[in-house]
Amino acid sequence: MTSTTLDRAPARKAPPGSPGGPRRRLGRGEARWGVLLALPAILGFAIFTIGPMVASLIFSLTDWQIGGDPQFIGVGNYVEMAGDPLFWKSLGVTTYYTLAAVPLTLFVGFVVALLVNQSFRGQSLWRTVYYLPTLVPAVASAVLWIWIFNPDFGLFNTILRSVGLPTSNWLYSESTAIPSLVIMATWGFGNAMVIFLAGLQGVPGQLYEAVALDGGGAWAKFRHVTWPFMTPVIFYNLVTGVIGTFQVFNQAYVMTEGGPNNATLFYIYYLYTKAFTDSEMGYASALAWVLFLIVMVVTVVLFRNARSWVFYEMGDAR
Amino acid sequence: MTGSPNLSRRDVLKIGGGLAATVGIGGSLAACSGGNEFEYMFWGSTGEQDAIEAMLSSFQDTQEQLTIKPVYTPADYDTKLNALVASGNVPDLGYVQPAMAYRLAEQGKLLDLAPYFDEYPSLGQRLPGSYFYWDEGKCLGTQGANETVITFYNRAAFAETGAQPPPASAAEAWDWDTYVENAYLLTADQSGRRPDEAGFDPAQVARFGTLASMWSGAWYGLLLSAGVDVVDSSGTRTMLDSPEAIDMFQKLIDLMYEHRVAPSPSQLGNNAPSMAVQLASGRLGMAVDGQWALLDVSQAGFDFGVGVLPSLGTPKTTAMGGPTAIFADTEYVEQALELYAFQSDPDQVDLFSSGLWMPLEEKYYTDPEAIASWTDNDAHPPEYKTAVIDYTLENSQTYFTQKLRNIEEIDRLITATTERIQTGEEDVATVMGELAAQLNDGMLQGVYPSAPQ
């Protein structure tokens with residue numbers, strides 16, 4: 001191993017408290033090994049992500065039905081989209097789902113994380129029980145919920161009927177189809193809960209003691225310690241949740257086929273039908289790019305907004 | 001980092017290049033490993049898979065140079081086929097959905113079979129409605145098998161309630177009132193009350209008289225019997241907002257919500273047991289469904305019968321089937337044509353005698369010996385000849401989805417519309433008017449020159 005890099009680069013002063021002392025540049029051989037070992041991931045990203053993205057951007061500017069020759073039409077697909085009622089419908093349906101499912105899942109996940117963060121007998125068991133639903137395969141989960149939502153013999157209506165409450169048509173009514181799927185999504189709060197739990201365990205215990213010494217109760221501890229320390233975790237779950245729900249697909253594909261009357265025509269499901277049922281790959285690519293832009297804008301807005309409410313222990317950590 | 005080899009830029013490039021070459025060569029070897037391979041791509045149940053593979057195995061015995069490879073694709077068939085088309089790696093022969101078949105034919109991806117009809121008479125003498133012409137004189141193929149829509153019923157339920165079994169010939173087809181009357185007799189709640197008796201509990205129905213399927217294949221025959229079609233002869237204006245069509249849809253809705261002799265979609269649920277299971281268990285008295293259900297019904301272990309559909313004027317039913325096509329890129333045109341004829345021969349495929357499929361050649365509907373070759377078995381009840389074979393030959397019309405251009409968009413809109421009216425909460429005339437406005441606003445783009453009737 002050579003010592004060239006250390007010779008060339010002046011040692012920088014390490015920031016106080018940073019581990020490892022003076023940083024040094026990697027040796028050339030190390031750098032090449034690093035690149036080589038990272039190559040599968042780099043190649044995978046380039047071939048399976050960047051490549052298709054570039055291709056789809058080009059396709060989105062063409063009128064291309066699979067099997068035919070692509071015709072360059074500029075922004076024709078994007079103009080067509082503006083007048084496509086199903087595009088707006090799918091966007092509306094997806095936004096509605098996102099606005100309902102993400103906050104509800106985060107709220108339930110957070111509350112349950114607070115509960116299972118307490119010391120009590122069977123704590124591990126309850127943590128496992130709450131996390132289990134996220135381990136159920138998506139299709140199996142969908143089939144289970146189809147039964148739960150069945151208006152005639154499903155679990156929910158059977159319970160409602162037994163206590164004399166009015167029943168619902170759940171997935172079979174335009175007005176209740178999305179709320180039903182939101183309930184189903186909330187059932188899978190386990191992922192968010194686990195991340196919240198990890199965050200809760202990182203909250204310094206001495207701060208709670210300080211609040212207690214100052215005469216603060218449980219609410220003061222939550223308001224002035226737990227909440228600020230958890231905001232980065234909430235923010236993380238919020239961003240990943242929003243991105244995830246904008247791409248919701250399985251429920252429409254397995255459970256509703258976008259119905260009734262397009263009430264669950266999620267954006268990605270619509271994109272999928274345009275691409276693989278109608279074979280309109282050009283238009284479907286344009287739909288994909290519009291979704292990408294929407295998600296990007298929403299994410300940027302969330303990040304901008306985060307500055308006002310997300311607390312980082314190290315101020316510049318974001 | 002002592003001890004680690006110091007790689008030069010050239011070494012990195014060599015290793016990277018080697019990796020890429022390995023991947024590339026491996027892929028090429030995988031792609032080339034077929035030799036004289038002939039791919040047959042199809043979907044279907046596992047039972048259909050077994051039958052098709054047995055048929056292909058029989059055909060393989062006639063081939064010395066060719067290896068027949070079944071490509072069974074039970075799910076996401078269109079997605080896979082689209083991907084294969086996009087990558088230029090299509091099968092030699094396969095099932096194709098009608099809309100995709102027309103598109104691929106127009107793009108030159110499918111073989112025109114019309115020039116071969118004289119050379120292969122079994123291709124040229126099929127039911128007229130089974131052909132798919134994408135242009136004048138240009139035929140991409142025929143249905144892989146024929147199907148029609150009929151009434152299935154549980155004989156015990158009829159005997160027990162005193163209802164009259166559905167007629168087995170078109171000439172005796174029930175009018176709508178008779179159909180509803182018999183459905184009333186069959187329907188009973190958990191206490192044995194009928195819908196027209198006091199105290200009937202619609203939430204606790206033990207047996208429904210019939211099904212009110214809103215699938216277009218199920219109501220198309222009824223619509224035709226009322227003297228109207230989905231579109232006019234030009235294929236550019238819909239007739240679904242005509243008084244006859246509105247009346248037909250209203251009658252179906254009334255079965256569920258007024259007469260209460262058929263389950264609503266919410267009562268049925270989208271994971272309901274199959275029609276065969278519901279008939280066998282006595283949950284249903286009768287049901288309108290595709291002939292293909294005969295396979296399951298005949299194996300469900302109950303005494304069943306088949307009959308013609310009720311009629312709103314002139315008895316009519318629907319004939320249908322997905323096309324099978326030969327891909328234009330095949331190197332084995334002669335073998336593909338032989339297999340094309342072979343696959344629809346009831347002597348080679350037991351799916352005809354088991355009840356799943358109906359043959360395509362006319363002789364299997366007219367020649368007693370040929371008819372017996374596929375119906376003389378336990379799966380086909382005695383009344384099958386008049387209730388299905390004669391009914392198909394004389395009273396069927398090809399399913400509109402096999403003829404209309406732009407059918408994917410049209411079908412999506414019709415499905416969404418029927419989902420609205422089947423809730424029983426919206427006015428049928430208003431909804432059908434809205435549907436017609438959208439269909440007539442450029443969505444209907446005419447018909448293919450397919451299927452002379």
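Model, not experiment: these values are computed from the prediction. So you know, we letter chains A, B, ... as the sequences are listed, proteins then strands, and number each from 1.
Smallest separation of non-hydrogen atoms from Ala275(A) and Asn82(B): O-ND2, 4.0 Å. Looking at every heavy atom in both residues, Thr423(B) comes nearest to Tyr172(A) through CG2-O, 4.4 Å.
Only the backbone of Ala203(B) comes within contact range of chain A, with heavy atoms under 4.5 Å apart. Heavy atoms of Asn169(A) lying under 4.5 Å from chain B belong exclusively to its side chain. Using a 4.5 Å cut-off between heavy atoms, Glu426(B) contacts chain A through its side chain alone, with no backbone atom that close. For Leu86(A), the part lying under 4.5 angstrom from a heavy atom of chain B is the side chain only. Of the two parts of Ala86(B), the backbone and the side chain both hold a non-hydrogen atom closer than 4.5 Å to a non-hydrogen atom of chain A. Contacts of Glu257(A) with chain B are absent, with no heavy-atom separation under 4.5 Å from either backbone or side chain.
Ser279(A) contributes atom OG, which lies 7.5 Å from atom CG of Leu104(B) (distance to the nearest 0.5 angstrom).
When atom types are taken as modelled, the side chain of Gln107(B) and the backbone of Ile66(A) share a donor-acceptor pair closer than 3.5 angstrom. The closest donor-acceptor contact from the side chain of Asn261(A) to the backbone of Arg420(B) lies at 3.5 Å or more, if one exists at all.
Heavy-atom pairs under 4.5 Å with chain A peak, among Arg412(B), Lys109(B), Gln422(B), Glu106(B), at Arg412(B). The candidate from Gln204(B), Glu425(B), Glu419(B) with the greatest count of non-hydrogen atom pairs under 4.5 Å with chain A is Glu419(B). Between chain B and the residues Pro260(A), Gly67(A), Pro85(A), Gly154(A), the largest count of heavy-atom pairs under 4.5 Å involves Gly67(A).
By the 4.5 Å heavy-atom criterion applied to side chains, Thr79(B) and Tyr272(A) are counted as neighbours.
Annotation: Trp215(B), atom CH2; neighbour count of heavy atoms from other residues, nucleotides and ligands within 6.0 Å is above 12.
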